[in-house]
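So the structure is just underneath, and the comments pick up after that.
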Amino acid sequence: MENKLKIHNTLSRKKELFEPINSPYIGMYVCGPTVYGDAHLGHARPAITFDLIFRYLTHLGYKVRYVRNITDVGHLEADADEGEDKIAKKARLENLEPMEVVQYFSDRYHKNMDQLNVKNPSIEPRASGHIIEQIEMVKKILEAGYAYESNGSVYFDVKKYNKKNNYGILSGRKIEDMIANTRELEGQSEKKNPYDFALWKKAQPEHIMRWPSPWSDGFPGWHMECSAMSTKYLGEHFDIHGGGLDLLFPHHESEIAQSVAANKMQPVKYWLHNNMITLNGQKMGKSLGNAVSLDEFFTGKNDLLEQAYSPITIRFFILQAHYRSTIDFSNEALQSAEKGLKKLFTAIKSLDKLIASEKSTSNIKALREKCYDAMNDDFNSPILIANLFEGVRIINSIKDKKETISAEDLEILKKLFNDFVFDILGLKTEETTGKQNELVDGLLSTILSIRQEAKSNKDYATADIIRNELGKLNIQIKDTKEGASWEIGD
RNA sequence: GGUCUCGUGGCCGAGUGGCUUAGGCGGUGGUCUGCAAAACCAUUUACAGCGGUUCGAAUCCGCUCGAGACCUCCA
């Protein structure tokens, strides 16, 4: 566990040497999905980004407690339904219990995450299961004098907080600017200032998601759940908090304010934010109506898609860009990723069959160093992948007998690919064959041996018929030096 | 309007003062092959514009143009 890892901290806007508060233990909290709709490509970005970070920290030997919440209450609608809970609205429209909607979309989210080979977090708390903790935290903030009650709701007093603290420490915003620019929204008369935010919200009569509290029957404010649950499971001061860049303000800024008000200390040492995925240069988002769901990617059923893309192709595509850069979606880019991935896996198959020689013509240990350097530089997965492709070139050259490798280096190279490709990047070969395909294997090897016999007799007509007919069944025949092989096409 | 970020070759996408021709895809040439496909090897093009700092800038500073994010639920 060498301490060379650097992480870009949004708080300082710089790369900082990563020093855990209580090594080797690391606490990491990431804002998870609001489960009122299918996960789209945008949801895959933070999931995969922080999965990569979780995997790498674990690989380095740290003991990571990774908490990723599920938001199933809170988050007000921005439109005329002010005060109504997003999930409750959806539930009413479809005559379902709110928790039924939550369960349905949570299950679908988990399925998508499995498909993307995203590991489960250590703890996945739900906001609805932590109402008491949230109420207790609101009480602490009230006691500290940084909140006020108004008509059954409780609001955070940003102006008062900002006198002794810095509301804007994370986002770089100044409260004076916010005063000048906050929009006039309905229902803000309860607030002292328009930029104050709700800690507890009184429920309207028709509002069906509600809990009792000292102030009213209602529900917790927009940002409370993350503060309450991160504190509960990771403590008042923990290592890493992650999420999408769009959550930076006001969500994360307000989380800091709440925690500082309640616990008198900065809650998080390193803030990490992943950038957005764009479509035609514009953010892909639910509210923009340009989001393509993950299921649509996997099945190809969307007019924007020229074909289906496998979950691992999507994962590879996302990892080919650095997490702090925007990444632009296009069919061309995804198809490139698909081909690159195939090249990578083809080389890994070859790696198993390589034969060691007396000495190496390439510096394998240096390659390994470069891979670690890339990941240690703020989890630079695109550089890592570039280095792995250098490894691919070496593997292919050895296979073609243009280069050689020593037995020791061969073991290092195998471990290198196993560690970085499978354990850290979390890629995996697609499940193309199952148990039932033993029969197919047998049949095809018989057919191919007959074809080989025909070829030996220079009976190319017969050989081509076999190839063509199998081709019609979407089975591709490839003649290689080691003999014919087959694979099921796309 | 305010705050912030970005503008790299046909496409995607790294790189933040000199060394790295990043890498992938595509294109081109080649190897292999009965032919084909696949695979492999080699190769090609860049740093939005203008000005400044510097011995030296894609990289730092300023301006111009363009794009995006946040300011309202959002990954």
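Every chain is numbered from 1, with letters handed out A, B, ... down the list of sequences. Hydrogens, waters and symmetry mates play no part in the numbers below; they use all other heavy atoms, side chains included.
Note on Lys343(A): a side-chain N or O is less than 4.0 Å away from OP1 or OP2 of G24(B). Taking side-chain N and O atoms only, Lys402(A) has no distance below 4.0 Å to OP1 or OP2 of C40(B). An OP1 or OP2 oxygen of C6(B) is reached within less than 4.0 angstrom by no side-chain nitrogen or oxygen of Ser325(A).
Taking 3.5 Å as the limit, the base of G68(B) and the side chain of Asp328(A) contain no donor-acceptor pair of atoms between them. One can find a donor-acceptor pair under 3.5 Å joining the base of C70(B) and the side-chain atoms of Arg173(A).
Rounded to whole Å, atom P of G23(B) lies 14 Å from atom CG of Asn380(A). In this structure, the CD1 atom of Ile327(A) is 14 Å from the C1' atom of A75(B), given to the nearest Å. Distance CD1 (Ile277(A)) to P (A75(B)): 12 Å, rounded to an integer number of Å. Distance Tyr309(A) OH to C25(B) P: 16 Å, rounded to the nearest Å. Taking atom OH on Tyr323(A) and atom P on G13(B), their separation rounds to 17 Å, with Å as the unit. Rounded to an integer number of Å, the gap from Lys339(A) NZ to A37(B) P is 14 Å. The separation between Leu248(A) atom CG and U3(B) atom C1' is 11 Å, rounded to whole Å. If you measure from atom CD1 of Ile395(A) to atom P of C41(B), you get 11 Å, rounded to the nearest angstrom.
Atom CG of Asn112(A) is separated from atom CG of Leu294(A) by 5.0 Å, given to the nearest 0.5 angstrom.
Only the P atoms considered, G7(B) is 16 Å distant from G62(B), to the nearest whole Å.
Atom CG of Leu304(A) sits in a crowded spot, with more than 12 heavy atoms from other residues, nucleotides or ligands closer than 6.0 Å.
Using a 4.0 Å heavy-atom distance criterion, Arg467(A) is classed as a base contact. Here Thr278(A) lies out of heavy-atom contact (under 4.0 Å) with every strand. Residue contacts shown for Glu390(A) are absent, as no nucleic acid heavy atom lies under 4.0 Å away.
Under the Watson-Crick or G-U wobble criterion, with both distances below 3.5 Å, U54(B) is left unpaired in every strand shown. Summarising the base pairing, G7(B) is matched to C65(B) through a Watson-Crick or G-U wobble pair whose two defining distances lie under 3.5 Å. Both distances falling under 3.5 Å, in either a Watson-Crick or a G-U wobble arrangement, place G27(B) opposite U43(B).
The nearest pair of heavy atoms linking Val30(A) to Asn69(A) is O-OD1, 3.3 Å.
One finds no salt bridge joining Asp107(A) and Lys111(A) here, because no Lys/Arg side-chain nitrogen approaches an Asp/Glu carboxylate oxygen to under 4.0 Å. The pair Arg467(A)-Asp464(A) counts as a salt bridge, with a side-chain nitrogen and a carboxylate oxygen less than 4.0 angstrom apart.
Taking the centre and axis of the six-membered ring of Phe50(A), the NZ or CZ atom of Arg68(A) falls outside the cone set by 45° and 6.0 Å.
Take the nearest nucleotide of RNA chain B for Asn387(A) and for Tyr460(A): the residue whose nucleotide is more 5' is Asn387(A). Nucleotides of RNA chain B nearest to Gly340(A) and Pro250(A) differ in position, and the one nearer the 5' end is that of Gly340(A).
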